[in-house]
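See structure below.
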Amino acid sequence: ILRRSEVYPSLLAALNARQESADPLAIGAIRAAWPALVGALCQDWPAPVVLVAANPEEARRLRDEVGLWLGSGRPILAHPAPDHLFYEPDAWARDTVVERAGVLDSLARFRTGHLPPLVVTSAWATMARTVPPLVFRRATLHLTSGELHPQHELLVRLVGLGYELAAAVEEPGTFCQRGSVVDVYPPNWPQPLRIDYFGDEIDSLRLFDPATQRSLERLQEAMVAPAAEAMPAYGAAAAHVLRNADLSGCDEGTQATYAQLADALSEGRGWQGLERYLAYLYPRPTTLLDHLPQGSLVLLPDQAATGDAVMRLENQAQALRAEMVAAGKLPGDAPLPYVPWQPLSAALRSAGAVELGLGTGESVALLPEDLFQPAPRLGGHLRDMMGALAEMRLDGRRVVAVTRQASRVSEMLKELDIYVSPVHALEQPPAAGTLTLVDDAASEGWAFLPGRTVLLTDAELFGWVRLRRQACLLY
């Protein structure tokens, strides 16, 4: 309904011309309508869409809510934040390491004409420094069936690309070797890859089921991307920097750690928690934004909140850094593991980032202010609620109620001689003057005035909401 409205083509045109605007742009939608709006844009935008939430919790919530509108057709990728504050010595979870690398791989592999992904990230995840795009692309292995590629060289390369040796390959980012067979599980692959050797020649490439070990599909070639942003293969230059770091103020334990890390990197070996030293591996500050293909659309739910979040993390990092330097746990000349707000905000402007909300006083609104309005709250009074639903229907509005109580509401509507069977998905826009019950959950409702459409959730119907991972598709 939104995509068929008169305002939608002008919105797409304004977004396509966003780089020409000297003023910041804001779409001007209310919070409740953001997931539907992002879902609509993802269906029409020909390049990746990146949604940068203020914090990881909001990113998780938006990812689930946008999934309600996209269904299973469009890939939705989570770009997680580090598991610990900048400068904290603890290693990141393996899932975090591999998921972040998987997002970079998806962006590197995107080609015009293919189905682009939606990447949902946060300010914290975006400000964390990462591997430069050219380094990442050059590190990706291109394997071809029938080529000469000695097995021991492949195993060394996999370690250098951040893969971990395992007894059996069950999780992305791992590999194992048994005789002439090497199994590897690249990020973002639906199944792991089995590389069968005959001498130094790759005899076959096959996908296989890690649970049953059965082959699924034979491949002629395969692109094996890095499994981590911090790759030991690029440690030689970092080892030189580490050996020349000013450790005069550090305690013996820190000095020993830096010496051992330099030795490991000079030999191309892995290191637990190498992400902490990523800035030594790649001196040029780089973020997720540097990996975006041309034409990508960057959306900010709330730019002010994003800036506040980045500056709070900066302040925390500076305080922790000062403590660690004073305690002899960190050299005073250690590079920043993040990109501060000033250069990050400049990068967002350069990427043509657009705010989903109302923006600031300087922002140019792309949609009329009253296009979306909050949905009416029916307060949980069942008889009044049923009457309000019937009245909106008779008034010619499209009413869609997304509720976990769909069966209960359907039974109650029968008392008003309104017969509506709950559904799990909408495959066509509902007609005007109809009421549709969807058995699912959403966080907030909204009213779209041009389409005379009202979306109601449990929050409006009953005054409460219980969310889960949504799977239905609404148009």
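D105 has a carboxylate O that lies under 4.0 Å from a charged side-chain N of R109, or vice versa, which qualifies the two as a salt bridge. Residues D458 and R404 are not paired through a salt bridge, judged by the lack of any N-O separation under 4.0 Å between the basic side chain and the carboxylate. Between R31 and E65, at least one side-chain nitrogen of the basic residue sits less than 4.0 Å from a carboxylate oxygen of the acidic one, meeting the salt-bridge criterion.
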#### Entry: Evaluation steps, side chain to side chain contact (heavy atoms under 4.5 Å, CB included), between M392 and L456
CA-CA 12 Å; M392 284 188 283; L456 300 172; 3.9 Å; yes

### Query
So V50 and V52, side chain to side chain contact (heavy atoms under 4.5 Å, CB included) or not? Walk me through it.
CA-CA 6 Å; V50 180; V52 185; 4.0 Å; yes

### Task
List the steps and the verdict of side chain to side chain contact (heavy atoms under 4.5 Å, CB included) for D44 and L12.
CA-CA 9 Å; D44 294 303; L12 289 178; 4.3 Å; yes

### Task
Assess whether side chain to side chain contact (heavy atoms under 4.5 Å, CB included) is satisfied between R397 and T453, documenting all intermediate values.
CA-CA 6 Å; R397 302 187 212 179; T453 301; over 6 Å; no

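Judged by distance alone, with hydrogens and angles left aside, the side-chain atoms of H240 form no donor-acceptor pair with the main-chain N or O of A237 at under 3.5 Å. At least one donor-acceptor pair closer than 3.5 Å links the side chain of S5 to the backbone N or O of L2. Judged by distance alone, with hydrogens and angles left aside, the side-chain atoms of W69 form no donor-acceptor pair with the main-chain N or O of V38 at under 3.5 Å. In terms of modelled atom types and a separation under 3.5 Å, the side chain of R129 and the main chain of L278 share no donor-acceptor contact. With S410 contributing its side chain and A406 its backbone, the two residues share no donor-acceptor pair below 3.5 Å. Between the side chain of R393 and the backbone N or O of A390, no donor-acceptor pair lies under 3.5 Å. Side chain of H79 to main chain of L104: no donor-acceptor pair is present (N/O by atom type, distance under 3.5 Å, no hydrogens or angles). Not one N or O on the side chain of H84 forms a donor-acceptor pair closer than 3.5 Å with the backbone of P89. The backbone N or O of L292 lies less than 3.5 Å from no partner atom in the side chain of S296, so there is not a single donor-acceptor pair. Under a 3.5 Å cut-off, the side chain of R377 and the backbone N or O of A459 do form a donor-acceptor pair.
Separation of atoms CH2 (W34) and CG (L62) is listed at 7.5 Å; rounding is to 0.5 Å. From R63, atom CZ reaches atom CG of L118 across 9.0 Å, with rounding to the nearest 0.5 Å. We find the CD-CD1 distance between Q373 and I30 to be 8.0 Å, quoted to the nearest 0.5 Å. With rounding to the nearest 0.5 Å, the separation of CE in M127 from CE in M311 is 10.5 Å. Taking CG of L358 as the reference point, atom CD1 of I27 lies at 11.5 Å (rounded to 0.5 Å). Rounding to the nearest 0.5 Å gives a distance of 8.5 Å between CG of N55 and CZ of R60.
When all heavy atoms of N188 and S106 are compared, the closest pair comes out as ND2-OG, 2.5 Å. The two atoms that bring G67 and I76 nearest to each other are CA-CD1, 3.7 Å, heavy atoms only. Of all heavy-atom pairs between P46 and F110, the closest is O-CZ, 3.2 Å. The two atoms that bring V224 and L161 nearest to each other are O-CD1, 4.4 Å, heavy atoms only. Annotation for E58 and A53: closest pair OE1-CB, 3.5 Å, computed over non-hydrogen atoms. Here the closest non-hydrogen pair linking S122 and P56 is CB-N, 3.7 Å.
Counting heavy atoms from C-beta on, the side chains of L51 and V298 never come closer than 4.5 Å. Annotation: side chain of L320 is in contact with side chain of E88 (closest heavy-atom distance under 4.5 Å). Within the 4.5 Å cutoff, side-chain heavy atoms of L344 are placed close to those of V310. Between V131 and Y234, the closest side-chain pair of non-hydrogen atoms is not below 4.5 Å. Between V402 and L437 the shortest side-chain heavy-atom distance does not fall below 4.5 Å. A 4.5 Å side-chain heavy-atom check between L299 and V49 finds at least one atom pair inside the cut-off. For the pair T436 and V423, the minimum side-chain heavy-atom distance is below 4.5 Å. Under the 4.5 Å side-chain criterion, counting only non-hydrogen atoms from C-beta, M223 is not in contact with L141.
Between F448 and W446, the ring-plane angle classifies as perpendicular under the 30° and 60° cut-offs. Ring geometry, Y338 versus F86: the interplanar angle falls from 30° to 60°, so the pair is classed tilted.
At most 12 non-hydrogen atoms from other residues, nucleotides or ligands lie less than 6.0 angstrom from CD of Q342. Summarising the local packing, CD of E171 is surrounded by 12 or fewer heavy atoms from other residues, nucleotides or ligands at distances under 6.0 Å. Under a cut-off of 6.0 angstrom, the local environment of CD in E57 is crowded, with over 12 non-hydrogen atoms contributed by other residues, nucleotides or ligands. Applying the 6.0 Å contact sphere to CD of Q19 captures more than 12 heavy atoms from other residues, nucleotides or ligands.
Side chains of T130 and E229: a donor-acceptor N/O pair is present below 3.5 angstrom, by distance only. For the residue pair T96/D83, the side-chain donor-acceptor check at 3.5 Å is satisfied. In this model, a donor atom of one side chain and an acceptor atom of the other lie less than 3.5 Å apart for Q43 and R3. At a cut-off of 3.5 Å, with distance as the only test, a side-chain donor of E460 or T457 sits close to an acceptor on the other residue.
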